[in-house]
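The structure under discussion appears below in the form of structure tokens.
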Amino acid sequence: MEVYDYVAGKQDWLAAGLPSEGLLARLPRAGDVARKDVPTCSLGDRLGDVRERAKKAGWEVCVVVNEERIVFGLMRAKELAGDPNQTAEQAMRPGPSTFRPHVPIEEMAAHMVEHDRPSSPITTSEGLLVGVLLREDAEREAHRLHEALHEHEHEHEQHEQSEGGEAHAR
Amino acid sequence: MPAEPAPAVTLVCRHCGREIEFCSFCDRTDCAAASCYGCLVIALGESTAPLHVHGG
């Protein structure tokens, strides 16, 4: 068996959205929930064309990337509504805040609600686009996770109570 | 004598009190829950120390 040492470390592995295992790996993370089908465009694309393409796909967001899918900028509804003859480079918000795929979904949901942010690009440490996380998706997944954990705790309590009762009966 | 320009509205990180130009989470300059980059990466668990020196 060949063994490799991933020198950059576990955090870097997770930040790249690479597979992991164990109990915590089963919890949903930003990269799992992010939508991978978000429209993208190049710096030189005409805004009018980009807007039309995004609208047809049902999106109000478009990520500006290079040929290697490295994120350069973001256009939300406000930027997409600009002069159609501008280029994406002129219209975009350059260097938007991006988040890594391994961030727990409930943390992203809480921050997105607190900061009233409708969407957030998810990228690897190198800036490679993974997808766009929508607040509604993050909130829904966080809620689902919360309910599942609550249910698990309830089952655990019931199990402990029944075991205690049996021990007492003995 | 020319009037001095009005001081820019300062934004302060809610966690550490550092003065910042914009919120690192939402990029806004008027964020009510502004966070500096350092506090944000800690909050989102992106800057935890490596578990093993050799990345095990």
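Letters A, B, ... mirror the listed sequences (proteins, then strands); counts begin at 1. No experiment lies behind these values; they were computed from the predicted model shown.
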Contacts with chain B made by residues 82-97 of chain A (heavy-atom distance under 4.5 Å), listed by residue number
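From residues 82-97 of chain A, the residues near chain B are A:Arg93, A:Pro96, A:Ser97.
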N-O pairing of [X] and [Y] below 4.0 Å:
{"X": "A:Arg35", "Y": "A:Asp37", "result": "no"}
{"X": "A:Arg29", "Y": "A:Asp32", "result": "no"}
{"X": "A:Arg144", "Y": "A:Glu141", "result": "yes"}

Any side-chain to backbone donor/acceptor pair from A:Arg117 onto B:Phe25? Under 3.5 Å, distance only.
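Yes; at least one donor-acceptor contact below 3.5 Å.
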Can you give the donor-acceptor pairs under 3.5 Å from side chains of residues 59-68 of chain A to other protein atoms, not counting sequence neighbours?
residue	atom	partner	partner atom	Å
A:Asn66	OD1	A:Glu68	N	2.9
A:Asn66	OD1	A:Arg69	N	3.2
A:Asn66	OD1	A:Ile70	N	2.9

Is B:Ala32 in contact with chain A via its backbone, its side chain, both, or neither, using a 4.5 Å heavy-atom distance?
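Interface part for B:Ala32: neither.
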Regarding A:Thr123 and A:Arg100, do their side chains bring together a donor and an acceptor under 3.5 Å, going by distance alone?
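Yes.
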